[in-house]
Amino acid sequence: MAAQAQQQMGALRSKIRMTLHTYQATRLWHGRGVESGKPQIIGMRQMLAMIGKIQRDAAQDDPYADYWLIQIEDKLRENRQYLNNQLHLAEKRLARLPDQLTVEENLSQQPFTTPIYTGGQLGWLAIRQLIDYDRLIRQVVLAGHIAQMSRNAEYNILRGVHRKMHGLVDFPKRYPGYSGITRDDLAANNARARQAIEKRGELPDDVAQGKRRSKYAPPIRKTPPNSKATPAATRPDASSDETEAAPDTQVTGSANATSDTSTEDPLDQDLPYG
């Protein structure tokens, strides 16, 4: 009875919307399509789809996809530290105002709002950085407007953070796609594994052996040999929500157990408002 009730239960869903107040952040979200007649620029929408694809491949025990998740996590961590530093400096400038002068937060009179869907936890970390990018732009523009920084300083900060954010969004574009192998193939050193290594290069040993994974990597799900159905977790087009509901899969592998320490990760440390 309990098993029947479990099969009838639907997946959990939550509607989430994001609001942006600056043209720069909104443009970074959308990117630029080929229909503009200019070279395409990847936006964060496309980045989230790419991350979702990589996470689905990693869930199939693709060690190359797992290595990409590690690199994306490192890129996000580097970006988070940069954003926090710039936010701290901008807020220090605004804090120098005399008590007799009250300056409210600058917000768009007609902000951009959109529902968002991500490719997993790394996608949510990217969304949080986009929101802080929007916040930083508003603070820098405000600080420049009230002469808390020079025009040159304002320009240099905005240009620097623009490059950082575009570098982050563009990074997953280089992912070559599903390798077609698993760690079992690497351990057996079979023809598929040798072909993948020849094409994509050697992996670090700890990644190849599954000892090091992104702490945001999905569980590895393997289909039992006698299973006829193709679980959602092993389909290239499966969503991250579907992977949680695949009943005929064996879950193995934990996300980067070697790096689980009591110290706080800079990637998780958003600079709080105020």
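Here the structure is a predicted model, which means the values were calculated and not measured.
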Asks: Can you measure from CZ (Arg17) to CD1 (Ile116) and round to the nearest 0.5 angstrom?
Replies: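 Answer rounded to 0.5 Å: 10.0 Å.
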
Asks: Are Ile70 and Tyr178 connected into the same hydrophobic cluster when the rule is that any two of I, L, V, M, F, W, Y join if their side-chain heavy atoms are below 4.5 Å apart?
Replies: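 The answer is no; the residues belong to distinct hydrophobic clusters.
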
Asks: How close do Leu87 and Gln139 get, heavy atom to heavy atom, and via which atoms?
Replies: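 Residues Leu87 and Gln139, closest heavy atoms: CD2-OE1, 3.6 Å.
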
Asks: Does Arg32 form a side chain to side chain contact (heavy atoms under 4.5 Å, CB included) with Gln40? I'd like the steps, not just the answer.
Replies: CA-CA 5 Å; Arg32 185 174 68 197; Gln40 183 182 21; 6.0 Å; no

Asks: Is Met47 reachable from Ile41 through a run of I, L, V, M, F, W or Y residues, each pair having side-chain heavy atoms under 4.5 Å apart?
Replies: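 As far as the 4.5 Å side-chain criterion goes, Met47 and Ile41 are not connected within one cluster.
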
Asks: What I'd like to find out is whether the side chain of Pro111 reaches to under 4.5 Å of the side chain of Leu20, using heavy atoms alone.
Replies: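 No, their side chains stay 4.5 Å or more apart.
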
Asks: CG of Asp205: more than 12 outside heavy atoms within 6.0 angstrom?
Replies: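 At most 12 heavy atoms, drawn from other residues, nucleotides or ligands, come within 6.0 Å of this atom.
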
Asks: So Leu89 and Ile157, side chain to side chain contact (heavy atoms under 4.5 Å, CB included) or not? Walk me through it.
Replies: CA-CA 10 Å; Leu89 292 173; Ile157 292 171; over 6 Å; no

Asks: Verify, without hydrogens or angle tests, whether Asp134 (side chain) and His21 (backbone) share a donor-acceptor contact under 3.5 angstrom.
Replies: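 Yes.
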
Asks: Measure from the side-chain N and O atoms of Gln55 to the backbone N and O of Ala217, and report whether any donor-acceptor pair falls under 3.5 Å.
Replies: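 Checking the backbone N and O of Ala217 against the side chain of Gln55, no donor-acceptor pair under 3.5 Å is found.
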
Asks: Side-chain contact test, heavy atoms from C-beta onward, threshold under 4.5 Å: evaluate it for Arg159 versus Tyr155 and give yes or no.
Replies: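 Answer yes - side chains close enough.
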
Asks: Tell me which one of Lys53, Met50, Gln71 satisfies side-chain contact (heavy atoms from CB on, under 4.5 Å) with Tyr175.
Replies: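 Only one option passes, and that is Lys53.
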
Asks: On a heavy-atom basis, which atom in Ala58 and which in Ala65 lie closest, and how many Å separate them?
Replies: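 Residues Ala58 and Ala65, closest heavy atoms: N-CB, 3.5 Å.
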
Asks: Are Tyr216 and Ile16 linked, directly or through intermediate hydrophobic residues, by side-chain heavy-atom contacts shorter than 4.5 Å (ILVMFWY only)?
Replies: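 They do share one cluster, since a chain of ILVMFWY contacts under 4.5 Å joins Ile16 to Tyr216.
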
Asks: Just wondering, more than 12 heavy atoms not from His145 lying within 6.0 Å of its NE2?
Replies: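 Counting other residues, nucleotides and ligands, NE2 of His145 stays at 12 neighbours or fewer.
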
Asks: For Phe171, what residues pass the ring pair (Phe, Tyr, Trp, His ring centres under 6.0 Å) criterion, not counting sequence neighbours?
Replies: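 For Phe171 the ring pair (Phe, Tyr, Trp, His ring centres under 6.0 Å) partners, ignoring immediate neighbours, are Trp68.
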
Asks: Have a look at Trp124 and tell me which of Thr118, Ile51, Leu48 forms a side-chain contact (heavy atoms from CB on, under 4.5 Å) with it.
Replies: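 Single side-chain contact (heavy atoms from CB on, under 4.5 Å) partner of Trp124 among Thr118, Ile51, Leu48: Thr118.
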
Asks: Are side-chain heavy atoms of Trp29 and Phe112 found at a separation under 4.5 Å?
Replies: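 Touching, per the 4.5 Å side-chain cut-off.
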
Asks: Stepwise, does the side chain to side chain contact (heavy atoms under 4.5 Å, CB included) test hold for Arg80 with Arg128?
Replies: CA-CA 9 Å; Arg80 167 51 61 196; Arg128 282 158 52 185; 4.3 Å; yes

Asks: Under 4.5 Å between any side-chain heavy atoms of Arg200 and Pro176, yes or no?
Replies: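 Arg200 reaches Pro176 side chain to side chain.
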
Asks: Closest heavy-atom contact between Ala11 and Arg13?
Replies: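 Nearest pair, atom of Ala11 first, then Arg13: CB-NH1, 3.1 Å.
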
Asks: What about Val161 and Met149, same hydrophobic cluster or not, with Ile/Leu/Val/Met/Phe/Trp/Tyr joined at side-chain heavy-atom distances under 4.5 Å?
Replies: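 Both belong to a single hydrophobic cluster.
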
Asks: Determine whether more than 12 heavy atoms belonging to other residues, nucleotides or ligands lie under 6.0 Å from atom CZ of Arg151.
Replies: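 Check fails, neighbour count at 12 or below.
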
Asks: Would you say the side chain of Ser214 lies within less than 4.5 Å of the side chain of Asp74, judging by non-hydrogen atoms?
Replies: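 No, too far: nothing below the 4.5 Å cut-off.
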
Asks: Do Tyr67 and Ile54 come within less than 4.5 Å of each other through their side chains, counting heavy atoms only?
Replies: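 No, their side chains stay 4.5 Å or more apart.
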
Asks: Kindly work out whether a path of hydrophobic side-chain contacts (I/L/V/M/F/W/Y, heavy atoms less than 4.5 Å apart) joins Leu107 to Met18.
Replies: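 As far as the 4.5 Å side-chain criterion goes, Met18 and Leu107 are not connected within one cluster.
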
Asks: Hey, what do you get for CG (Leu28) to CD1 (Ile42), rounding to the nearest 0.5 Å?
Replies: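 Atom-to-atom, Leu28:CG and Ile42:CD1 are 11.5 Å apart.
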
Asks: Side-chain contact, heavy-atom cut-off 4.5 Å: Ile127 with Met44?
Replies: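 Heavy-atom side-chain distance check passes, below 4.5 Å.
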
Asks: As a test of understanding, state which of Lys211, Arg56, Arg213, Arg212 forms a salt bridge (charged side-chain N to carboxylate O under 4.0 Å, His left out) with Asp66.
Replies: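 Per the salt bridge (charged side-chain N to carboxylate O under 4.0 Å, His left out) rule, the option paired with Asp66 is Arg213, out of Lys211, Arg56, Arg213, Arg212.
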
Asks: Determine whether a donor-acceptor pair (N or O, by modelled atom type, separation under 3.5 Å) exists between the side chain of Glu73 and the backbone of Lys215.
Replies: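 Yes, because the side chain of Glu73 sits within donor-acceptor range (under 3.5 Å) of the backbone of Lys215.
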
Asks: With no hydrogens and no angle check, just 3.5 Å: does a side-chain donor-acceptor pair link Asn190 and Arg194?
Replies: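 No.
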
Asks: Short question: side chain of Gln148, backbone of Arg93 - any donor-acceptor pair under 3.5 Å?
Replies: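 Confirmed, Gln148 side chain pairs with Arg93 backbone.
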
Asks: Please report the closest heavy-atom contact between Ala196 and Ile181, naming both atoms and the distance.
Replies: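 In this case the closest contact between Ala196 and Ile181 is CB-CD1, 3.8 Å.
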
Asks: Could you tell me if the side chain of Leu76 sits less than 4.5 Å from the side chain of Leu122, heavy atoms only?
Replies: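 A side-chain contact exists here, since the closest heavy-atom pair is under 4.5 Å.
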
Asks: If I take atom CD from residue Glu202 and atom CG from residue Leu186, how far apart are they, to the nearest 0.5 angstrom?
Replies: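 If I round to the nearest 0.5 Å, the distance is 8.5 Å.
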
Asks: Quick one: pull up CG in Leu94 and NZ in Lys92 and give me the separation to the nearest 0.5 Å.
Replies: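 One gets 12.5 Å once the value is rounded to the nearest 0.5 Å.
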
Asks: Would you say CD of Gln209 has more than 12 non-hydrogen atoms from neighbouring residues, nucleotides or ligands within 6.0 angstrom?
Replies: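 More than 12 heavy atoms, drawn from other residues, nucleotides or ligands, come within 6.0 Å of this atom.
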
Asks: Using the side chain to side chain contact (heavy atoms under 4.5 Å, CB included) rule, take Leu83 and Met165 through it: C-alpha gap first, then chi angles, then the decisive distance, then the call.
Replies: CA-CA 9 Å; Leu83 279 173; Met165 291 301 296; 4.1 Å; yes

Asks: Out of Asp61, Asp62, Ile220, which residue meets the side-chain contact (heavy atoms from CB on, under 4.5 Å) rule with Thr182?
Replies: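 Of the listed options, the one satisfying the test is Asp61.
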
Asks: Do you know the tightest heavy-atom contact between Leu203 and Ala208?
Replies: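 Minimum heavy-atom contact is CB-CB, 4.3 Å.
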
Asks: Just to verify, what does His162 make a ring pair (Phe, Tyr, Trp, His ring centres under 6.0 Å) with, not counting sequence neighbours?
Replies: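 Counting only residues at least two positions away or on another chain, His162 forms a ring pair (Phe, Tyr, Trp, His ring centres under 6.0 Å) with His166.
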
Asks: What verdict does the salt bridge (Lys or Arg N to Asp or Glu O under 4.0 Å) test give for Glu91 and Arg135, after you've listed the backbone C-alpha separation in whole Å, the side-chain angles of each residue and the deciding distance to 0.1 Å?
Replies: CA-CA 11 Å; Glu91 289 178 358; Arg135 171 185 166 197; 2.8 Å; yes

